[in-house]
Amino acid sequence: MKSPKKYLKLLLSAPLRPPKFRTADFVAGISLYARLIHLFTQQSQKLNRHRLIKVLFLASLGICLLFGQVVSAQTPNVTALVEQGIKDYHAGDFVNAIKNWREALNQDKNNPSVTAVVNENLARAYQKIGENKAAIASLSAAINDYNTVNNIQQVGRMKSELAQVYSNLGQPRKAIALLCGKLIDKSESSENQPSQEKCTPESAEQIATKYNDKRGHVAALGILGEAYRLIGSYDQAIKHLDIAQQLAPESKFLVFNSLGNAYKSRGQLRELQADSAKKASIFSKEKEFTQSSQEDYDRAYQYFQDSIKLARNEKQPLAEMRGLLNFIQLASQTNKSKFINDEEFNKALKDALKVLEGLPDSATKVYGAIDLAYLQRDAQGTSPFTYCPTQLILSGDNEALNLLESSVLTSQKLQDNRLISYSNGALGHFWECSPDNEKALKNQKALKYTQAAIIAADSKLSAKDSLYLWEWQAGRILDEQKRKEEAIASYQRAFDTLEDIRQDILTAERDVQFDFRDVVRPLYRTLAQSRLDLLGVGAIADEGRAKELSKVVNTIDALKLAELQNYFGNDCILSGLNPKQVGELLEDNSVAFKKTGFLSSIILNGKTGILLQLPNQATKFKWIEDPNQQGDKVVSSETLQKKIAEFRTGLVKREEINYDTTIASQLYDWMIRPFAEDIKPEKVKTLVFIQDGFLRSVPMAALYDSKQQKYLVETYAVATTPSLRLTTPKLRDRSTQRALILGLTKEATIDGKTFEQLFAVPDEVRAVESIFPNHTPLIDDNFLPESFQDKLDKTTYPIVHIASHAQFGIIPEDTFIVTGKNQKLTISQLENSLRNLNSKSDGVELLMLTACETAVGDDRATLGLAGVALQVGVKSAIASLWSVTDQSTSELVKTFYANYRNTGMSIAEALQTAQIRMIHAKKLPPSEGVNIMYDHPAYWAPMVAIGNWL
């Protein structure tokens, strides 16, 4: 690629016409623009964090070089201002460039042929200083101006450039809307049969096609391909990138990089799907996904190799460097390392170091140095800056340190604050993780460079994509220096910054979830633990404890919302999110929440805490402790997890006819008894649990009070919710409710897995029909995805009862309901069907899912249970934590509905009454028809009420 200096000279030499740039200049700009956002949104992908910032520089430059044009204005003064702005821009003085160009706009407001081009260049300058909102406004103004003068070709180009800004901001759907006019859903196409639907006439892609604008067409296709990659539509990404390379064969080495990344991303998705299929014992799908993953990795391998070779032949060192880094990361960050031998890897590394040494001072040189410095095999997570790497490949003779120090020097020469921030942060992290025995000196250096990174990131750049990393890093260093209050302040700033950008990070398609465990969860938990630890040492006066606990509650709530949103991967579940914090909700709903207690768990480093919240009362907090334990009575998180696993295993296997309550009693003593005085039955009737991690996998209703010889549910109605802010507490009229009853009685085979016949479903269906006379049944072959959709399109059903197998996998793709004719209703289809209801006010009040099955080995699976109702806008749901006999479920369901419909009980109370009836099965007369075995909690405990419990 030519240098920016040469392009600016070219711009000045041809003031009235845009210069003819090669397509290669564009593709070089787009080849990396999406990586930062992709890092956040790709759950399985292991990319280095700094790519986010590299993109924001290179992508803007690439588009600028492709479409950039500066015209001489019609008046001498305006011309002088424009040209001075160009000089300032060239000198890196973007603030003054903006000042001059804005003044030029003020002097010639009514000449759209001039203001269009000035706005266009203003947008690029704004992007240089991180003012993305201003950049969007300037590009939008340029589009309007070009429309006014009927320069439609340039309208298309500006739409492409605006699309890239939206992608940089983590909003690829807006980018796709500009580039194509509509989103081609993944269900409309496949790898072998991609959708042939054209983009809309006013889209950037179609404008370029209409005006035979090859350069603009390649730009639109390239950005469109990258945008689809960001939302996980890898087939669509590959399709558009393939067309781009056909239109621009001279720049294949650049398109090959993007194609390699798309295949790599799809390979990682398929690897994740193979793992999910394995845990669900669907071995045919595991084999299929494993094979597909390997094929995609092979394609990525070949594209990166071809890109390196072609770039080398074309003497394009920047592109060669990108190809080498992509190839190296393919080997080090995925299972592709099995197919890339050490000789290939070492040669690529040696070549990359050689190319890096010869690169001119540039962003690529800075980020390339950081990439190589933090290169490691079998990386632990998404970003090397969230943990201390233990196996740096360049660990000898201070190689990594020298590269990082050179990146700082290069960034300072370039006077680019983004580069300065990232290079200093990377060097600060190196010293943070250094095993140097001089701990004080090491921490001093680490803090020095980290603070320099914070200052640069916060220098009017709005560089929140990196700022939270360095604030978090500063907090860890301050913690190491025993400066606890300063550390908490730094953690809080990191939290606030990440909360600002979290929604954009997480609102991608669900199969491109970034590694949540690496980024959000550890930061939020560190902040919560730091505040709780500070409370524990008495550093805060009593009057300040309530305020601090309120902050802890808000942090924990944000963590659980983020995890739920990350699991489902879109923002629909947050459409009903109450903007108020938990404490405010408790005050505002004190009447609705009367006699309701909220118990929130938080699993932290080495210990687990429980917070109790009651309306109009101060929050109380306790660490889980074992009163019978010698010495330190705090129960470690590891011990608690093992105990919870034993508790679940004992329930699921139901090996003993007479249930052994020992573990259930122990857990009750640890988690419930410490709050006994606060939740006396005369004060509290309902307990709502907001659980964390592995605690979601077990029913709290089955905890056992050995003193009273009662299960928890015998004293309290029990419910659960992912977040109080997602719950709408309201008791509705149930006298005239209509029910849609869906049932499957036959054996079914889905993806090679057999689901057994459900013999008790006919009886269950008849019982529900009798309770809800106004009903519509869809049973067996009549229960199909399309028939379900058809019924909901025509009629609103407050009650949707599904008596069939439902599987909740560790990824949402493995979450579905088994329907007739060996078909399945996926979570996506369920969402779409329920969201298409005529009126939100007449939406589904209660969704019942019986015979559920969750995947083993991942606590995220239970998010499917907690999220399915909220995901589709249902007020409440009842589902089971594991598959139980359909006869016992049918018995519980009949009692629940009778109480729900006829007695005015809350949902939680109706479920409680049904469960108590089964607990007392041995005491009931034979005429009741309740099997005496059903007193075992394995039969009644897994059914949980989710969401609105009223």
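In this structure, the separation between CD1 on Ile98 and CG on Asp93 is 9.5 Å, given to the nearest 0.5 Å. Put simply, CD1 on Ile143 and OG on Ser138 are 11.0 Å apart, with the number rounded to the nearest 0.5 Å. Within the model, atoms OH of Tyr89 and CG of Asn121 stand 8.0 Å from one another, a figure rounded to the nearest 0.5 Å. Separation of atoms CZ (Arg493) and CG (Leu467) is listed at 9.0 Å; rounding is to 0.5 Å. Within the model, atoms CG of Asp361 and OG1 of Thr410 stand 5.0 Å from one another, a figure rounded to the nearest 0.5 Å. A distance of 4.5 Å separates CZ of Arg229 from CG of Asn261, quoted to the nearest 0.5 Å.
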Show the numbers, then the answer: is there a side-chain hydrogen bond (donor to acceptor under 3.5 Å, both in side chains) between Glu499 and Tyr468? CA-CA 10 Å; Glu499 276 290 282; Tyr468 89 90; over 6 Å; no

Applying side chain to side chain contact (heavy atoms under 4.5 Å, CB included), run through Asp557 and Tyr524 and close with a yes or a no. CA-CA 10 Å; Asp557 185 66; Tyr524 287 31; over 6 Å; no

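Ser362 places a side-chain N or O within 3.5 Å of a backbone atom of Pro360 that can act as its donor or acceptor partner. Panel note: side chain Lys159, backbone Ser203; no donor-acceptor pair is recorded below 3.5 Å. In this structure, the side chain of Asp108 does not engage the main chain of Ala104 through any donor-acceptor pair within 3.5 Å. Not a single donor-acceptor pair under 3.5 Å links the side chain of Glu103 to the backbone N or O of Leu81. Judged purely by atom type and a 3.5 angstrom limit, Tyr491 uses its side chain to pair as donor or acceptor with the backbone of Gly475. Checked by atom type and distance alone, the side chain of Arg725 pairs as donor or acceptor with a backbone atom of Lys580 at under 3.5 Å.
Ring orientation note: the planes of His240 and Tyr228 are close to parallel, at an angle under 30° on the 30°/60° scale.
Contact detail for Ala426 and Ile370: the closest heavy-atom pair is CB-CG2, 3.9 Å. Minimum interatomic distance between Asn257 and Ala319 (heavy atoms only, all atoms of both residues): ND2-O, 3.8 Å. Nearest heavy atoms, Asp88 versus Ala97: CB-N, 3.6 Å. Across every non-hydrogen atom of Ser411 and Val366, the tightest pair is N-CG2, 4.0 Å. Of all heavy-atom pairs spanning Thr200 and Gly181, the tightest one is OG1-CA, 3.3 Å. Across all their heavy atoms, Ile454 and Ala474 have their closest contact at CD1-CB, 4.0 Å.
Looking at heavy atoms from C-beta onward, Val117 lies in side-chain contact with Tyr146 at the 4.5 angstrom threshold. With contacts defined as side-chain heavy-atom distances shorter than 4.5 Å, the pair Leu178/Tyr166 qualifies. Side-chain contact between Leu419 and Tyr367: present, with at least one pair of heavy atoms (C-beta onward) separated by less than 4.5 Å. Between Asn147 and Ile152 the shortest side-chain heavy-atom distance falls below 4.5 Å. With contacts defined as side-chain heavy-atom distances shorter than 4.5 Å, the pair Ser167/Glu226 does not qualify. Put simply, the side chain of Lys551 does not reach to within 4.5 Å of the side chain of Asn554, judged on heavy atoms. Residues Glu471 and Gln492 have side chains not in contact (no heavy-atom distance under 4.5 Å, counting atoms from C-beta outward). Counting only heavy atoms from C-beta outward, the side chains of Trp472 and Leu498 never approach each other to under 4.5 Å.
A ring-centre distance under 6.0 Å is found for Trp470 and Tyr422.
In the model, Glu202 has no side-chain atom that pairs as donor or acceptor with a side-chain atom of Gln206 under 3.5 Å. If you check the side chains of Asp242 and Gln246, you find no donor sitting under 3.5 Å from an acceptor.
Residues passing the side chain to side chain contact (heavy atoms under 4.5 Å, CB included) test with Gln153 are Asn151, Arg157, Tyr211, Asp213, sequence neighbours excluded.
Salt bridge present: Glu120 and Arg124 bring a charged side-chain N and a carboxylate O closer than 4.0 Å.
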